[in-house]
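Input: a single structure, listed below in structure tokens.
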Amino acid sequence: MEVANNSKHSVFIAVTEPFTPPHRLSAWSTLENHAARLRTMRIAELFEHDAARFATLSFGHRGLLLDLSKQSIDAPALAALIDLAGQARLPDGIEALFAGEHLNFTEDRAVLHMALRGACAAPPEDAATLAQSQQRMRAFTVALRSGTMTGATGKPIRLVINLGIGGSDLGPRMAAQALVPTGLRATPEVRFVANIDRRELDEALADADPASTLFVVSSKSFATAETLANAQAARAWLQAGLGAGCDPALHFTAVSNATDAAAAFGIPAERVFPLPEWVGGRYSVWSTIGLPLMIAIGASEFDAFLAGARAMDEHFRTAPPDENLPVLMGLAGLWNTDFLGIESLALLPYAHGLRSFAAWLQQLEMESNGKRCLRDGSGSVIHTSPIVWGGVGTVGQHAFHQLFYQGTRRVALDFIVPVAAADDVSQRSLVENAFAQSAALMSGRDLDTAFASLRAKGLAESEAAVLAPHLVCPGNQPSTTVLLPALDAFSLGQLMALYEHKVFVQGWIWGINSFDQYGVELGKEMARSLSAGSGENHDASTAGLMAAAEAMRRTPDRS
Ligand SMILES: O=P(O)(O)OC[C@H]1O[C@](O)(CO)[C@@H](O)[C@@H]1O
């Protein structure tokens with residue numbers, strides 16, 4: 001691809017430039033041969049053939065370690081994947097991304113969240129506004145954290161509630177949970193409300209004092225139904241709690257680039273923090289959408305968070321493919337999806353602080369790559385984004401890990417493991433548990449071993465024969481382990497940027513636009529049409545459900 005500076009015609013470039021779907025590239029058939037060979041081999045066997053596998057399939061970057069040695073892959077297959085990336089012109093894609101080419105060609109936008117972390121230039125026409133809004137965000141944070149910002153009654157603000165959804169919630173919420181020190185409440189405390197279900201807002205307000213509460217309405221578009229409904233409910237709560245004569249506007253700020261819509265709601269322009277159009281919602285935590293995070297952790301920790309991501313950006317842009325962590329991670333995921341037929345990716349962070357990591361990644365991966373239309377308008381004949389889900393270790397070990405052990409599916413697993421300092425006993429136990437799980441899920445337990453363990457417990461031969469098959473665990477579940485030195489701002493920034501770029505690598509090779517979300521837009525249109533009461537235009541099931549719900553509202557029949 002020829003890299004054009006902020007081309008205004010990238011739709012045409014994307015459509016007319018030669019594009020070959022990945023399954024037509026010659027590396028694809030080579031990979032199919034490798035897959036036929038590797039599908040018959042267990043991961044544990046791969047270690048028998050290559051004792052140095054951990055050393056050759058583990059990759060480091062600034063203290064972070066990415067271990068791919070427990071994937072069903074070997075060096076020749078990985079080399080073929082790297083060939084595939086070359087044939088798909090991934091290096092051109094990376095260069096185009098950082099150069100501000102309009103890779104989001106369906107919306108004619110650049111994709112430059114890396115500019116927010118200082119890893120590349122913002123478009124010159126936006127640079128001054130960007131610097132100004134970042135500066136204002138810092139000043140606002142300092143005023144809030146120092147207790148000098150007061151509400152309408154003169155009381156200092158002690159509680160900040162972020163009202164946002166999707167990318168305007170998941171990133172800041174996840175990162176704040178991860179980085180606000182254990183046992184300490186941030187000053188002011190920061191809470192997050194996303195759901196239009198009033199219960200979430202009510203919970204956040206349960207012990208709140210209107211006079212010392214500030215709402216951040218985080219909505220790039222200032223048009224998202226859930227966020228606006230919560231903002232209106234918050235305003236009503238403030239009006240009732242502050243009393244006559246007090247201006248609720250002093251208890252609101254907005255992060256949005258729809259300043260007119262924010263002003264119409266009652267938030268004046270000087271209390272609105274804009275963000276550039278080239279920052280997509282799911283990539284926006286680095287922008288002013290990160291305001292609640294900055295308030296929770298302070299500006300210098302936020303800088304460390306940006307620095308971690310910037311370090312990963314620089315690595316992604318410059319490291320050769322066979323040392324490049326996002327490239328390798330992306331290729332390993334593509335291998336699982338398209339060559340091993342694995343449909344889901346379970347995220348297993350071994351840290352309570354990362355309890356919302358899977359939710360953040362779900363949006364990042366599934367909203368970015370849950371698509372089928374290729375750059376040339378044709379439909380993908382291979383699978384794209386896996387189904388991403390997960391939950392924290394060790395909690396999941398006592399619940400859904402059962403399916404990994406004895407279910408009928410192969411599931412790809414990502415263990416995210418902060419190691420922490422030597423004297424951190426509880427973290428040591430988490431680390432050991434993570435390693436035990438990935439090892440047991442790789443090796444499994446065969447029938448002979450199950451039999452032997454039952455005999456050793458003193459069971460009669462006939463009893464052991466009945467029970468042993470129920471103890472068999474096939475193992476061979478492929479996993480990636482990411483080790484972080486600690487769950488700190490730098491490492492979290494690195495980790496999130498690693499996943500962002502992984503998603504780019506996969507989307508680029510699959511040939512889809514990872515940066516639009518026309519699918520979710522269809523759901524929004526349907527919701528608008530339902531709430532406008534046009535049920536008669538819907539399918540018979542939906543019309544029936546609407547009628548049943550209406551009848552239930554009037555007279556619930558519990559007989
Ligand atoms: O910040 P906004 O405009 O309220 O959008 C919130 C979220 O809604 C979406 O547009 C999808 O509905 C996401 O992409 C975005 O992160």
Side-chain angles (χ1 to χ4, degrees), residues 43 47 53-55 57-71 174-175 177-182 304-305 308-309 311-312 315 325-326 328-330 332-333 336 344-362 364-365 388-401 404-405 411-443 475 477-502:
I43 304 166
F47 277 92
R53 203 177 144 76
F54 175 77
L57 289 173
S58 290
F59 306 89
H61 172 256
R62 304 273 307 263
L64 179 151
L65 183 98
L66 174 73
D67 173 26
L68 298 176
S69 67
K70 290 196 183 80
Q71 290 289 344
M174 181 273 282
Q177 285 172 354
L179 299 178
V180 172
T182 321
F305 177 62
M312 187 56 74
H315 168 79
L325 274 65
L328 293 163
M329 197 187 202
N336 284 334
S344 86
L345 171 66
L347 261 290
L348 308 172
Y350 274 67
H352 180 67
L354 291 175
R355 60 196 173 280
S356 296
F357 193 83
W360 169 76
L361 191 69
Q362 262 172 347
L364 178 65
E365 293 223 13
V388 178
W389 62 291
V392 281
T394 59
V395 179
Q397 291 173 204
H398 299 272
F400 58 81
H401 283 218
F404 304 154
Y405 282 104
V411 180
L413 312 168
D414 277 6
F415 289 87
I416 314 285
V417 190
V419 172
D423 59 352
D424 188 334
V425 178
S426 98
Q427 195 59 30
R428 182 176 285 270
S429 152
L430 280 159
V431 173
E432 287 161 2
N433 267 282
F435 294 171
Q437 292 291 313
S438 65
L441 286 163
M442 176 178 73
S443 54
Q477 295 287 21
S479 68
T480 290
T481 299
V482 181
L483 289 189
L484 311 174
L487 186 51
D488 59 19
F490 184 87
S491 295
L492 185 68
Q494 256 180 317
L495 180 72
M496 291 170 70
L498 168 66
Y499 276 95
E500 284 179 353
H501 292 317
K502 172 200 106 155

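Sequence positions, counted from 1, serve as the residue numbers for this chain. Note: hydrogens, waters and symmetry copies are ignored here, and every other heavy atom, side chains too, is used.
Rounded to the nearest 0.5 angstrom, N433 CG and L348 CG are separated by 12.0 Å. Considering NE2 of H401 and CD of Q477, their distance stands at 11.0 Å, rounded to 0.5 Å. Taking CZ from F305 and CG from D488, the interatomic distance works out to 11.5 Å, rounded to the nearest 0.5 Å.
By the 4.5 Å heavy-atom criterion applied to side chains, Y499 and E365 are counted as neighbours. Within the 4.5 Å cutoff, side-chain heavy atoms of L354 are placed close to those of L492. Here the side chains of F415 and V482 are not in contact, with every heavy-atom distance at 4.5 Å or above. A 4.5 Å side-chain heavy-atom check between T480 and L66 finds at least one atom pair inside the cut-off. A heavy-atom distance below 4.5 Å is found between the side chains of F47 and S69. Residues P326 and E500 have side chains not in contact (no heavy-atom distance under 4.5 Å, counting atoms from C-beta outward). At a threshold of 4.5 Å between non-hydrogen side-chain atoms, the residues L347 and W360 do not count as touching. Looking at heavy atoms from C-beta onward, F357 lies out of side-chain contact with D414 at the 4.5 angstrom threshold.
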| message | Before you tell me yes or no, could you show the steps for M329 and L498 under side chain to side chain contact (heavy atoms under 4.5 Å, CB included), namely the whole-Å CA-CA distance, both residues' side-chain angles and the distance that decides it to 0.1 Å? | response | CA-CA 8 Å; M329 197 187 202; L498 168 66; 3.8 Å; yes
| task | Apply side chain to side chain contact (heavy atoms under 4.5 Å, CB included) to H501 and H315, showing your working. | result | CA-CA 11 Å; H501 292 317; H315 168 79; over 6 Å; no
| Verdict with supporting geometry, L325 and L64, side chain to side chain contact (heavy atoms under 4.5 Å, CB included) | CA-CA 10 Å; L325 274 65; L64 179 151; 3.5 Å; yes
| request: Take L413 and Q437 through the side chain to side chain contact (heavy atoms under 4.5 Å, CB included) test and state the conclusion after the steps. | output: CA-CA 10 Å; L413 312 168; Q437 292 291 313; over 6 Å; no
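In summary, the side chains of Y350 and E432 do not present any donor paired with an acceptor at a separation below 3.5 Å, with no hydrogens or angles considered.
Of all the heavy atoms in G391 and F400, the pair that sits closest is N-CZ, 3.8 Å. Here the closest heavy-atom approach between residue K70 and residue S438 is recorded as NZ-OG, 3.5 Å. Contact detail for P478 and Q71: the closest heavy-atom pair is CB-OE1, 3.3 Å. Here the closest heavy-atom approach between residue A311 and residue R62 is recorded as CB-NH1, 3.6 Å. Nearest heavy-atom pair, A489 versus L179, reported as atom, atom and distance to 0.1 Å: N-CD2, 3.6 Å. Contact record, A332 with L68: CB-CD2, 4.2 Å, taken as the closest heavy-atom pair.
Using a distance-only test at 3.5 Å, with no hydrogens or angles considered, no donor-acceptor pair links the side chain of Q397 to the main chain of A434. Of the possible donor and acceptor atoms, none in the side chain of Q427 sits under 3.5 Å from a partner among the backbone N and O of A420. A side-chain donor-acceptor contact under 3.5 Å links Q494 to the backbone of H61. Checking side-chain atoms of Q177 against main-chain N and O of R355 turns up no donor-acceptor pair under 3.5 Å. Without hydrogens or angle criteria, S58 side chain to A55 main chain gives no donor-acceptor distance under 3.5 Å.
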